[in-house]
Amino acid sequence: MNDESKKNRIDELVQRLNEASRAYYTDGTEIITNYEYDEMYDELLALEDETGYIRDDSPSINVGFETAAGLPKIVHEKKMLSLNKTKDRDELKAWLGDQEGMLSWKLDGLTVGITYENGRLVQGVTRGNGTEGELITANVMACRNVPKVIPHKGKTIIRGEAVIRYSDFEKINEAIEDADAKYKNPRNLCSGSIRQLDPKVTAERNVMFYAFSLYQCEGVEFTTRQQKMEWVKSQGFDAVDYVMVDKDNLFDAIDGYEAAITDFDIPSDGLVLTLDDVAYAAALGETAKFPKDSIAFKWRDQQAETVLREIEWSPSRTGLLNPVAIFDPVELEGTTVSRASVHNINIMEDLELGIGDTIQVYKANMIIPQLAGNLTRSGNIEVPAVCPVCGSPTRIKDEEGTKTLNCTNPDCLAKHVKKFSHFVSRDALNIEGLSESGLLKLIGIGALRSFADLFRLENHKNAIIGMEGFGAKSYDNLTASAARASNTTPARLLYGLGVPGIGVATSNLISRSCRNKWSDIQSLDEEALTDIDGVGSVMARDYVGFFADEDNKAAIDELLGLLTLDESYEAAGTSLEGKTFVITGSLEHYANRKDLKSEIEAEGGKVAGSVSAKTDYLITNDPNSGSSKNRTARELGVAIITENEIRSMLNK
């Protein structure tokens with residue numbers, strides 16, 4: 001390979017690795033396997049060393065990926081770097097040399113920095129891209145084991161990992177009846193939970209924080225890392241477990257951790273080895289991406305070879321057909337596995353999967369079955385041209401480099417089953433006693449064509465009693481459950497409808513912002529939606545499109561005739577009860593419009609995104625501006641007030 005070819009290969013690797021990082025860190029999806037990422041990353045490092053050609057956007061000199069939209073951004077006082085890594089014990093031992101080190105768990109969650117001033121928690125921030133992170137102070141405060149006040153009064157910065165434990169992760173997934181709605185792994189769930197705009201989500205999902213380093217401690221000097229960790233514990237923090245090691249006991253310590261990982265409740269993808277001598281460590285400095293005083297030791301996941309027998313295309317309620325590898329059963333980490341998600345068409349194509357191929361499988365972090373590689377690479381699998389459920393044509397969608405297979409038939413039976421399953425689930429309408437197989441049977445006898453049919457099953461009583469596995473008692477229980485479910489809330493109905501991107505937490509946020517009035521919920525425009533915490537522009541566009549669809553309108557109208565909605569709403573205060581406000585322009589006393597919006601809503605007021613005849617006040621610090629909102633307010637006779645005036649109304 002000549003120099004030009006090597007540079008072209010570097011360009012290709014950087015693009016591919018950055019696409020994978022964007023998908024993983026920002027979207028919570030995987031477009032290549034962990035093994036493929038590591039192989040391409042190692043190849044990139046070798047080519048960069050050989051050619052000296054390093055792109056500014058190379059993952060070898062950048063950390064994580066860009067911060068996501070929606071949360072305020074903040075620049076770190078000092079970069080939050082990632083760690084260099086190895087899977088080789090001898091290489092780890094050579095790195096340690098004659099020094100003493102601290103060996104600890106490498107937790108698999110979201111890296112967070114927490115700042116205290118005068119003993120009080122004042123800031124929480126994600127690592128983000130290493131230079132700039134997302135401000136998540138309220139979410140950090142919602143973590144049960146994070147002290148809000150510490151004894152030390154000097155400025156203190158603690159860094160650690162926010163995680164969701166396996167036991168909590170399993171409880172969360174157990175409560176989700178729709179298999180497609182279940183979360184894939186604790187790491188992605190944790191990342192989404194702590195980067196929510198609603199800290200209640202962080203608390204409800206029991207996100208925990210484990211300190212792994214003391215970055216700053218004003219007024220206190222330390223000579224060893226061990227002293228720092230013990231001091232962190234003395235301030236009330238849970239810290240990662242560690243052992244002190246040298247070249248003689250390092251391997252024994254690794255053996256101890258590997259034996260413990262099977263029963264370890266916190267997600268971990270390896271270990272971290274840090275030099276104990278603080279002065280010596282500081283003298284080593286850092287690279288553009290890694291500190292030189294620490295290194296990660298990644299687990300060599302147990303692999304097994306087996307034979308691929310089938311790719312099953314598992315349908316979801318959105319029409320997505322997910323590839324699942326079915327293979328001869330193998331033993332991995334003490335359990336038998338015979339299937340693993342392939343995630344998307346990208347991975348299937350990269351691995352050149354074929355029926356009868358000899359494939360390598362492993363458990364990511366010793367937990368989740370994954371494909372590591374394909375030794376045969378026959379590539380004989382064809383993406384099905386028709387849906388395996390309804391026989392309608394399929395279509396491959398390519399969204400920002402991720403290729404997925406979708407059924408084009410809006411009336412596909414599988415789509416109905418998944419949508420009904422979602423609609424009757426616990427967090428939606430909560431109709432008990434309806435599994436997917438039961439829903440399929442109801443559809444099969446013609447009893448279920450719309451959501452509304454769930455509340456008039458008495459029209460098909462004899463047919464339902466005659467269904468396999470049913471009877472008179474099952475029918476009575478089912479109709480009684482449907483009757484109870486017909487008395488519901490706007491938030492439950494919104495979630496149950498399956499609006500793209502709208503989960504339980506977002507449904508509650510939207511409903512509260514509309515004071516639980518269904519007519520307002522279904523008539524929100526994009527501007528009003530993006531003013532709601534947690535709703536981005538793409539979600540807002542899909543939301544408006546959903547409620548504009550004529551078929552959806554008809555289905556909702558039909559439902560509303562059969563449901564009793566509890567639209568009661570209680571605000572913390574009542575001084576602004578019944579008043580609607582619109583906020584425009586910059587503010588002086590609030591960090592952003594959402595802070596002012598929260599105070600108005602706490603006093604019973606409502607904040608809309610645009611001025612209309614229903615608006616009572618337009619809030620602006622430039623009342624004489626010629627902006628469109630000011631002009632509309634003047635034309636409609638809407639009162640225009642300043643920030644100080646609304647503060648007076650709020651008794652500020």
Side-chain angles (χ1 to χ4, degrees), residues 5-48 51 53-70 73 81-83 85 108 110-111 126-134 184-185 187-188 191-192 195 269 288-290 298 318 320-323 325 340-353 364-365 368 370-374 377 379 383 395-406 501 536-539:
S5 297
K6 291 175 182 176
K7 288 184 178 180
N8 289 338
R9 178 57 177 164
I10 287 174
D11 291 339
E12 180 185 342
L13 288 169
V14 168
Q15 180 181 350
R16 194 84 173 96
L17 290 168
N18 282 343
E19 286 174 354
S21 291
R22 182 185 295 107
Y24 184 75
Y25 287 106
T26 304
D27 302 329
T29 61
E30 295 181 17
I31 60 174
I32 60 175
T33 66
N34 291 338
Y35 270 80
E36 285 183 297
Y37 185 94
D38 288 344
E39 286 177 359
M40 286 192 286
Y41 184 81
D42 291 341
E43 181 186 354
L44 175 65
L45 292 181
L47 287 172
E48 288 180 339
T51 63
Y53 173 55
I54 303 176
R55 291 167 46 130
D56 290 341
D57 59 345
S58 172
S60 68
I61 59 172
N62 292 289
V63 178
F65 207 75
E66 294 303 315
T67 52
K73 311 298 187 295
L81 303 173
S82 62
L83 296 177
K85 65 182 184 299
D108 191 20
L110 188 70
T111 301
T126 67
R127 183 173 69 181
N129 62 11
T131 300
E132 179 186 68
E134 297 153 323
K184 304 301 181 187
N185 57 65
R187 193 265 174 205
N188 287 351
S191 177
R195 294 163 71 208
D269 56 353
K289 186 176 180 181
F290 307 122
K298 301 293 288 290
T318 61
L320 187 67
L321 297 167
N322 302 297
S341 173
V342 188
H343 298 295
N344 49 54
I345 294 175
N346 301 67
I347 293 177
M348 191 180 76
E349 290 178 342
D350 285 347
L351 291 174
E352 299 177 90
L353 294 178
N365 301 339
I368 304 165
Q370 299 279 309
L371 302 189
N374 181 5
R377 291 187 172 270
V383 175
R395 178 165 62 95
I396 295 176
K397 289 184 181 178
D398 191 334
E399 296 180 349
E400 297 184 355
T402 302
K403 292 195 288 187
T404 58
L405 186 66
N406 296 261
S537 58
V538 174
M539 192 185 297

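These numbers come from the heavy atoms of this one structure, side chains and all, not from hydrogens, waters or symmetry mates.
- For Lys403, the salt bridge (charged side-chain N to carboxylate O under 4.0 Å, His left out) partners are Glu349, not counting sequence neighbours.
- Put simply, the side chain of Asp108 never gets that close to the backbone of Arg187: no donor and acceptor are under 3.5 Å apart.
- Heavy atoms only, all atoms of each residue included: Ile396 and Leu405 are closest at CG1-CD1, 3.9 Å.
- Asn344 places a side-chain N or O within 3.5 Å of a backbone atom of Ile347 that can act as its donor or acceptor partner.
- Salt bridge present: Asp350 and Arg16 bring a charged side-chain N and a carboxylate O closer than 4.0 Å.
- Nearest heavy-atom pair across Gly373 and Leu351 is CA-CD2, 4.0 Å.
- Here the straight-line distance linking atom CD1 of Ile10 with atom OG1 of Thr51 works out to 3.5 Å at 0.5 Å rounding.
- Note that the CG atom of Leu45 and the CE atom of Met40 stand 12.5 Å from one another [nearest 0.5 Å].
- The structure places CZ of Arg9 at 9.5 Å from CG of Leu44, a figure rounded to the nearest 0.5 Å.
- The number of heavy atoms from other shown groups lying within 6.0 Å of NZ (Lys6) is above 12.
- One finds the CD atom of Glu48 at 11.0 Å from the CD atom of Glu43 (value rounded to the nearest 0.5 Å).
- Using a distance-only test at 3.5 Å, with no hydrogens or angles considered, a donor-acceptor pair links the side chain of Thr126 to the main chain of Glu134.
- Taken from OH in Tyr53 to CG in Asn8, the straight-line distance is 8.0 Å, to the nearest 0.5 Å.
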